[in-house]
Amino acid sequence: MITQIRIDGFKSFVGFELDVHPVTVLLGVNGAGKSNLFDALRLVAGTVHRGFKETLAADRRLAARDLFHRGGAGRDEFTITVGMDVAWADGRIPAEVRLHVSRSTADGAVLDREKSVVQLLTTGKTIGLADLRTTVYDVPHEVVVVARMLRECRAWQPYALEPAALRQLGRPEADGPLDPSGSNIAVVIRRIEEDAPERFTQLVADLAALVPGVRGIRTEVLRTRGEFDFEVEFQHTGWVSPASLSDGTLRALALLAAYWDPKRIGLLAVEEIENGMHLSQVAELVRRLGRGDGQLLVTTHSSALLAALQGDLSGGVVFLDQADRVDPESGTVSRITVARPLLPRTPDAEPGTFTSPQAVERMLRRLGQGAV
């Protein structure tokens, strides 16, 4: 479970800190830095699993020339630190993953091997990212902690579900957790149906609570090709194929399937969770995805979702905004992303460290997004 994210010099972040709750909703207008935050998590996770250069080559949002903070004097290096609690038999063990990157002379980016490390905070063990699989561990439980940390990092890829992908047939080889685009949704639903019948019943119940008239879900194998498909049953129209389901129903089903999937590990991250869905459904979807012992991190620019959730998630709703920063050395100004938890105004609160519901309402009204 992620506990904190600290970013300095990456894209729109300078001296950025975010405390991450079990359920965290990041509210912000387009361009506030919500996608950049997920880019930072993907870059760290990809570096841990595939390597730094390989991660840049596979992700068009991570072009080397665009990684460093621009504006003002710019930056020649950046650091991304992700603090987490790793599940252990007697509770959770704290650890940190730190990625440090410098700008190369060819307008590229180079991983600093000495500063890019994993730290096991209980034992003080420091391990280079490139050496995670070859290090000799002094304490037996360190091996388990690192292995579980690696598994959790895989879940840092956010879901950006695509309607066309959600309507594809599922290939048997795509039998892992839900793909970020949702292209293997039929395979995931089939796995829940066969391997975890109780979870499948909960999946149907959750979808019925969100989408009026839903009565059931079923999967089938197309014998000629060995691929999977599914249908949703409605009270008055019977069984409906993905081609005829609305984008919102497909997105809700995909996220619920990811939640109930027995292969789910750690974080469930969702970009712009309200896309394609009726706003009356989104708040209830967030509540259902935030149950249990997993973790939910979503971004939104919906003031309606904020209005529905601000009483439910004390400290878990964070307003991402942009502010001017003056570089102390050059005196130049750049725009940076700042995080302000949505909290009531208190006498001892430091100005600028939080955002009151009234302040968010004024911001959204000025931006033409309506009142909270």
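Counting from 1, the numbers follow the sequence of the chain as shown. Remember, it's a predicted structure, so these values are computed and weren't measured experimentally.
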Item to complete: Measure the spacing between CG of L166 and CG of L178 and express it to the nearest 0.5 Å.
Response: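 Separation between the atoms: 7.5 Å.
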Worksheet item: Which distance, rounded to the nearest 0.5 Å, do you find between the CE of M84 and the CG of L121?
Response: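 So the CE of M84 and the CG of L121 are separated by 10.0 Å.
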Hey, is [X] close enough to [Y] for a salt bridge, meaning N to O under 4.0 Å?
X: R167; Y: D229; answer: no
X: R70; Y: D66; answer: yes
X: R6; Y: E96; answer: yes
X: D261; Y: R264; answer: no

Answer yes or no: is there a donor N or O on one side and an acceptor on the other, between the side chain of [X] and the main chain of [Y], under 3.5 Å?
X: H236; Y: G213; value: no
X: Q281; Y: L210; value: yes
X: K34; Y: G28; value: yes
X: T219; Y: F230; value: no
X: R251; Y: G248; value: no
X: T3; Y: G83; value: yes
X: N184; Y: P177; value: yes
X: E152; Y: M1; value: yes
X: T47; Y: L43; value: yes

Where do [X] and [Y] come nearest, in terms of heavy atoms and distance?
X: A258; Y: L268; value: CB-CD1, 4.0 Å
X: P262; Y: I192; value: CD-CG1, 4.0 Å
X: F16; Y: A339; value: CE1-CB, 3.6 Å
X: S181; Y: A165; value: O-CB, 3.5 Å
X: T299; Y: E271; value: OG1-CA, 3.4 Å
X: Q235; Y: R215; value: CA-CD, 3.3 Å

Fill in: R190 NZ/CZ over F228 ring centroid, <6.0 Å and within 45° of normal
no
Fill in: Cationic tip of R218 above W239 ring, under 6.0 Å, 45° of axis
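That pair qualifies as a cation-pi contact.
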Please determine, by modelled atom types, if [X] and [Y] share a side-chain donor-acceptor pair under 3.5 angstrom.
X: S183; Y: Q168; answer: no
X: S12; Y: N36; answer: yes
X: T300; Y: E274; answer: yes
X: S116; Y: H100; answer: no

Residues, nucleotides or ligands: over 12 heavy atoms within 6.0 Å of [X] [atom1]:
X: R151; atom1: CZ; result: no
X: E173; atom1: CD; result: yes
X: K53; atom1: NZ; result: no
X: R61; atom1: CZ; result: yes

Flag the pair [X] / [Y] as yes when at least one side-chain heavy-atom distance between them is below 4.5 Å, and no otherwise.
X: V20; Y: Q4; answer: no
X: L18; Y: L37; answer: yes
X: F78; Y: D8; answer: no
X: V232; Y: V214; answer: yes
X: R191; Y: K263; answer: yes
X: V282; Y: I273; answer: yes
X: T24; Y: L296; answer: no

Practice prompt. Could you point out which residue of L129, V97, D39 forms a side chain to side chain contact (heavy atoms under 4.5 Å, CB included) with V44?
Written response: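 Among L129, V97, D39, the one that satisfies the side chain to side chain contact (heavy atoms under 4.5 Å, CB included) with V44 is V97.
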Item to complete: Could you walk me through whether I217 and L253 pass side chain to side chain contact (heavy atoms under 4.5 Å, CB included), step by step?
Response: CA-CA 10 Å; I217 304 170; L253 175 57; 3.7 Å; yes
Fill in: Same cluster (ILVMFWY, side-chain, under 4.5 Å), L203 and L250
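Yes, L203 connects to L250 through the hydrophobic network.
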Worksheet item: Given a cutoff of under 4.5 Å between side-chain heavy atoms of I, L, V, M, F, W and Y, with clusters grown through shared members, what are the other residues clustered with V338?
Response: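 Members alongside V338: V14, I336.
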Worksheet item: After noting the C-alpha distance and the side-chain angles of D206 and L285, does the key distance pass the side chain to side chain contact (heavy atoms under 4.5 Å, CB included) rule?
Response: CA-CA 8 Å; D206 279 349; L285 176 61; over 6 Å; no
Ignoring hydrogens and angles, write down the donor-acceptor pairs under 3.5 Å from the side chains of residues 108-115, residues two or more places apart or on other chains.
from, atom 1, to, atom 2, distance (Å)
D112, OD1, E114, N, 3.1
D112, OD1, K115, N, 3.3

Discussion item. Is there a side chain to side chain contact (heavy atoms under 4.5 Å, CB included) between R335 and D324? Walk through the geometry before answering.
Written reply: CA-CA 5 Å; R335 297 288 285 174; D324 291 330; 2.9 Å; yes
Discussion item. Would Y259 and L255 count as a side chain to side chain contact (heavy atoms under 4.5 Å, CB included) here? Give the steps.
Written reply: CA-CA 6 Å; Y259 175 85; L255 293 175; over 6 Å; no
